[in-house]
Amino acid sequence: MSLTIQNIESELSYAYLHAVASRAGINCQFLNRHSDNSGVDAQLTYQNDPSPTSTYIEEAIIQIQLKATQKTPYETSTHFSYSFHGITQYNDLRKPRGSGSIKILVVMFLENDPKEWLNCTQNELLLKKASYWVSLVGAPATKNGSATTIYVPKNQLLTPDSLLQISQDTINKVPLIYQNPKP
Amino acid sequence: MKALSISPQELYRFAISLGYKHVLEAEKDGLFVLNSQGGTYRQLIFPINRFDPNFEEMLDISLSKLAKNLDIQIEHLITLLSESNDDILSVRYFSESAELDTLQLDEAIDALNATKQLILSAACSLDHPQLYYPKLSRNKVDSFFSKVRLRHTQHGSFVIRVSNPLQSQPHATYLKQSSSSDALFGRESFERVEDATSEIVDHLQKNNLETLYLRQKKMSKPIISYNFLNALVEMQHVHLDPLLQDTNFMHGIEMPDKTPFELSIQWSDIIPKPAKNTNQPIRLLPSYHDGLLRMRDYFPNGNPSERGEFNGTVEHLEGKANITGEREGEVQLKLKVGKRNLLVRAVLNPTFYKRAYEAHGTKGAKVKVAGVLRAGKRLRLLDDITKFELE
């Protein structure tokens, strides 16, 4: 095997994103994944059809940091918890971006057993289980040294429609703010 | 070169020069928004103020989009942007059949010196026009030249790139700032390089070598000097890598002895571009070399000259018919100078040429000429001819 398990997790999370973005008609470009300094693994470009009532922003850039895990997450009724490693990148994701762009986190939750991750038949390609997106803008600062827990909303499944909505919100300057689950 | 050295105004101007349209509405939000008609990415968005907390990231995204649209590496784009405030004069040595990756060091140094001589000659011709400059220096010329920069070369050919900075203040607003007098004199000097080289090549192509000198001589403010021509001659001394020549010879490809080069200027639009902005490089081919030498040797070169009367014979006629159909132009004479018989070139008007023609056609005929005998690198030149008679 030429890829480690972590590499396979990573590649599958890219594959998931690319498939969903393509289905939504959004250009997906992978960046240099092996130097994590910028914290951006992929960049999506959405082009709005200009209309007389729309804002002057016609193109949204969605920068994505990808994570994947095969561990079963803790969950509440509304959120999954995820241990985010890399405080520098966490703090970067907390910052609001300039007009026309946004940076979000996409976490892929895989099955525990790698054999279940991907199956191909004549009828379908099945990739388990799912990716969720979350904006960390406004997330609380942390005093931790290496990792912090974040909460990923269960209703923010990464789908073609949700990507299109994120794109439109970016163009219309609708802020996407992080919210901790209510106790 | 780091992206952060690029100001919002530089990126704005560069994008506008590529045809991007400015969306005025965005300015109220402190943003430059620029739209293009085509390309993978249609819109550049970045803050007007470089101290905006999002400037670095938005600049990065915009540069990345622009590089993708132009199909170039982002590092190359950053270089282009950093040059947008400068006029760039390029001397590009190339080979039609191979990539030129190296030059002999001696020849590279000579080419750099020749480039310097070219620019200084052009600047001097603006400041104090004359046919020969014993010294290529004056306050105004030196002041402008001290700001000229040598830039990176490029892969596949050998390029000397020098720039004349036009913007005196870094990070100025996108409204065009007035440039310093050095910068404007520099712009005129670069224009002079282009005009003079074009005229020289035009005369070479039409084989009107002496005409160029005669025209410059008549002008109260000549634009071409011995120094300028000598710079072009020196630039032609660059040879192709002998290994490359041998390899091509083995494959039956004949290579010229000298390397062709082309001269081009990229004008900054920080001040209005010259009216004659053709964007076409001027090529100097190896085949021009002999003509350039001859053309150069017409001009006074600072060597001692001798005024007098001389006897001799007409050895060779090389004149051409002018627009009225009369023949005029260059002849070769053998003149007795002191104890020596010297081969000398002379450029004759139609009256003198007629006499030279008669002398040439009459066996044993001798002529008496009066003029200024100038030292030349090959043949000497008889200039300012006042008498040409058959004896």
Side-chain angles (χ1 to χ4, degrees), chain A residues 21-22 25-32 35 37-65 88-89 91-104 135-138 167-176, chain B residues 2-4 6-8 11-12 15-16 18-75 77-78:
Chain A
S22 300
I26 298 175
N27 179 284
C28 180
Q29 180 194 354
F30 293 120
L31 303 180
N32 185 355
S35 71
N37 294 336
S38 66
V40 179
D41 298 309
Q43 183 167 290
L44 310 184
T45 308
Y46 169 78
Q47 286 174 346
N48 201 20
D49 292 326
S51 77
T53 55
S54 67
T55 168
Y56 55 72
I57 296 178
E58 294 174 5
E59 202 167 84
I61 295 289
I62 303 152
Q63 296 187 315
I64 295 181
Q65 172 141 59
T88 306
Q89 289 172 11
N91 285 328
D92 182 62
L93 282 164
R94 291 172 56 233
K95 289 190 298 196
R97 255 65 211 181
S99 298
S101 67
I102 187 173
K103 201 183 255 190
I104 60 173
S135 166
L136 295 182
V137 173
S167 304
Q168 279 297 330
D169 286 344
T170 304
I171 279 179
N172 295 323
K173 300 187 204 176
V174 173
L176 297 173
Chain B
K2 295 191 176 172
L4 272 188
I6 306 298
S7 74
L11 181 53
Y12 168 85
I16 292 289
L18 294 175
Y20 278 74
K21 301 288 180 227
H22 181 199
V23 178
L24 276 170
E25 188 194 341
E27 283 195 8
K28 64 174 169 30
D29 296 327
L31 296 171
F32 278 134
V33 173
L34 299 156
N35 290 343
S36 79
Q37 297 304 309
T40 311
Y41 303 100
R42 289 203 313 250
Q43 195 168 64
L44 307 178
I45 307 174
F46 50 96
I48 294 173
N49 182 353
R50 71 181 295 121
F51 298 108
D52 186 295
N54 290 314
F55 173 70
E56 187 180 340
E57 195 168 273
M58 293 176 84
L59 175 74
D60 209 45
I61 292 173
S62 292
L63 289 177
S64 171
K65 286 185 183 183
L66 195 49
K68 262 258 175 326
N69 277 356
L70 295 173
D71 196 24
I72 58 177
Q73 295 294 317
I74 199 162
E75 293 76 19
L77 173 63
I78 292 170

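Lettering follows sequence order; numbering is per chain, from 1.
Side-chain atoms of E57(B) and Q63(A), non-hydrogen and from C-beta on, do get closer than 4.5 Å to each other.
Interface residue N35(B): only side-chain heavy atoms are found under 4.5 Å from chain A. In this structure, no portion of F46(B) lies under 4.5 Å from any heavy atom of chain A. Interface remark: T45(A) contributes side-chain atoms only to the contact with chain B (heavy atom separation under 4.5 Å).
Within a 6.0 Å radius of CG in D71(B), other residues, nucleotides and ligands contribute 12 heavy atoms or fewer. Taking a 6.0 Å sphere around NZ of K173(A), one finds it holds more than 12 heavy atoms contributed by other residues, nucleotides or ligands.
Of the options V23(B), D29(B), I45(B), a side chain to side chain contact (heavy atoms under 4.5 Å, CB included) to I57(A) is made by I45(B) and by none of the others.
By the side chain to side chain donor-acceptor pair (under 3.5 Å) test, R94(A) is found to be paired with N91(A), residues two or more places apart in sequence or in another chain being considered. Taking the side chain to side chain donor-acceptor pair (under 3.5 Å) definition, one finds that E59(A) meets it with Q47(A), K65(B), sequence neighbours left out.
Atom CG of N27(A) is separated from atom OH of Y41(B) by 5.0 Å, given to the nearest 0.5 angstrom.
Without hydrogens or angle criteria, Q43(B) side chain to Y56(A) main chain gives a donor-acceptor distance under 3.5 Å.
Closest heavy-atom contact between P96(A) and N54(B): O-OD1, 3.3 Å.
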